[in-house]
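Read the structure below first, then the notes.
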Amino acid sequence: QVQLVESGGGSVQPGDSLRLSCAASGGTFSSYAMGWFRQAPGKERENVAAISWSGGSTTYADSVKGRFTISRDTAKNTVYLQMNSLQPADTAVYYCAAKSTYRGLGSPGVYSYWGQGTQVSVSS
């Protein structure tokens with residue numbers, strides 16, 4: 001059983017940056033592929049970034065490509081989402097999730113473990 005705890009959300013202005021963290025415990029972190037999702041009010045949960053267990057492969061949604069970077073630190077059992085050039089459309093609750101197999105972006109149903117989410121709000 002893997003427990004995931006996100007942190008780093010907040011309220012920022014357009015063009016600002018934030019770094020989200022997701023700390024994992026209770027399992028073998030290095031064996032899991034990880035993903036970041038977001039869900040805005042009234043919208044479906046969207047997979048914006050994914051990273052393989054080794055960190056050697058990453059995939060991004062078109063909406064964040066070139067602005068967001070996913071990374072992981074196995075020594076710290078933590079996955080990160082660096083978000084630059086934030087826009088109001090990025091406003092959402094952000095979740096990290098874990099699954100056993102990396103296949104790029106995926107639907108929420110293929111992920112086994114979830115964090116509680118952290119709010120990101122972008123407005124002027």
Side-chain angles (χ1 to χ4, degrees):
Q1 188 79 7
V2 177
Q3 290 81 45
L4 303 172
V5 179
E6 302 96 335
S7 61
S11 297
V12 297
Q13 294 186 335
D16 285 352
S17 298
L18 278 176
R19 189 177 79 158
L20 305 183
S21 300
C22 173
S25 62
T28 305
F29 176 71
S30 60
S31 66
Y32 287 95
M34 302 295 295
W36 282 98
F37 285 75
R38 68 184 182 187
Q39 189 166 22
K43 294 189 176 181
E44 294 187 351
R45 194 168 294 192
E46 173 191 20
N47 191 187
V48 297
I51 189 167
S52 63
W53 65 269
S54 68
S57 297
T58 57
T59 311
Y60 298 93
D62 288 342
S63 57
V64 306
K65 198 172 294 182
R67 300 188 298 122
F68 290 12
T69 302
I70 188 171
S71 61
R72 66 191 299 162
D73 185 334
T74 300
K76 295 183 178 180
N77 285 357
T78 301
V79 63
Y80 304 98
L81 186 68
Q82 177 67 44
M83 306 186 294
N84 298 330
S85 301
L86 283 162
Q87 305 164 6
D90 296 316
T91 295
V93 178
Y94 284 71
Y95 300 88
C96 70
K99 62 175 180 172
S100 58
T101 305
Y102 175 78
R103 291 196 178 98
L105 300 180
S107 63
V110 303
Y111 282 81
S112 301
Y113 304 103
W114 291 85
Q116 82 290 348
T118 185
Q119 176 71 48
V120 172
S121 299
V122 185
S123 68
S124 55

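Atom CD in Q116 sits 7.0 Å away from atom OG1 in T118 (nearest 0.5 Å).
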Distance-only check: which donor-acceptor pairs under 3.5 Å involve side-chain atoms of residues 66-77, not counting sequence neighbours?
unit_1, atom_1, unit_2, atom_2, d
R67, NH1, S85, O, 3.0
R67, NH1, D90, OD2, 2.8
R67, NH2, S63, O, 2.9
R67, NH2, D90, OD1, 2.9
R67, NH2, D90, OD2, 3.4
R72, NH1, Y32, O, 2.8
R72, NH1, S52, O, 2.7
R72, NH2, F29, O, 2.8
R72, NH2, Y32, O, 3.0
D73, OD1, A75, N, 3.0
D73, OD1, K76, N, 3.3

Please output the side-chain donor-acceptor pairs of residues 8-27 that fall under 3.5 Å, not counting sequence neighbours, one pair per line with the distance.
unit_1, atom_1, unit_2, atom_2, d
D16, OD2, Q13, N, 3.1
S17, OG, N84, OD1, 2.9

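Linking Ile, Leu, Val, Met, Phe, Trp and Tyr whenever their side-chain heavy atoms come within less than 4.5 Å leaves W53 and W36 in two separate clusters. Under a hydrophobic-cluster definition in which Ile, Leu, Val, Met, Phe, Trp and Tyr are linked whenever side-chain heavy atoms come within less than 4.5 Å, directly or via other members, V2 and Y94 are assigned to the same cluster. Criterion: ILVMFWY side-chain heavy atoms under 4.5 Å apart, direct or through other members. Under it, Y95 and M83 are not part of a common hydrophobic cluster. In this structure, V48 is not a member of the same hydrophobic cluster as F37, with clusters built from ILVMFWY side-chain heavy atoms closer than 4.5 Å. Connection of L86 to V64 is established within a shared hydrophobic cluster, with ILVMFWY side chains joined at heavy-atom distances below 4.5 Å, either directly or through further cluster members.
Legend: residues meeting salt bridge (charged side-chain N to carboxylate O under 4.0 Å, His left out) with E6, ordered by chain and number and at least two apart, are absent.
For the salt bridge (Lys or Arg N to Asp or Glu O under 4.0 Å) condition, the pairs that include at least one residue of residues 46-58, sequence neighbours left out, are R38-E46. Identified under the salt bridge (Lys or Arg N to Asp or Glu O under 4.0 Å) test for residues 49-62, with sequence neighbours left out: D62-K65. Counting only residues at least two apart or on different chains, the side chain to side chain donor-acceptor pair (under 3.5 Å) pairs with a member in residues 98-115 are T59-Y102.
Taking each heavy atom of N47 and G106 in turn, the nearest pair found is OD1-N, 2.8 Å.
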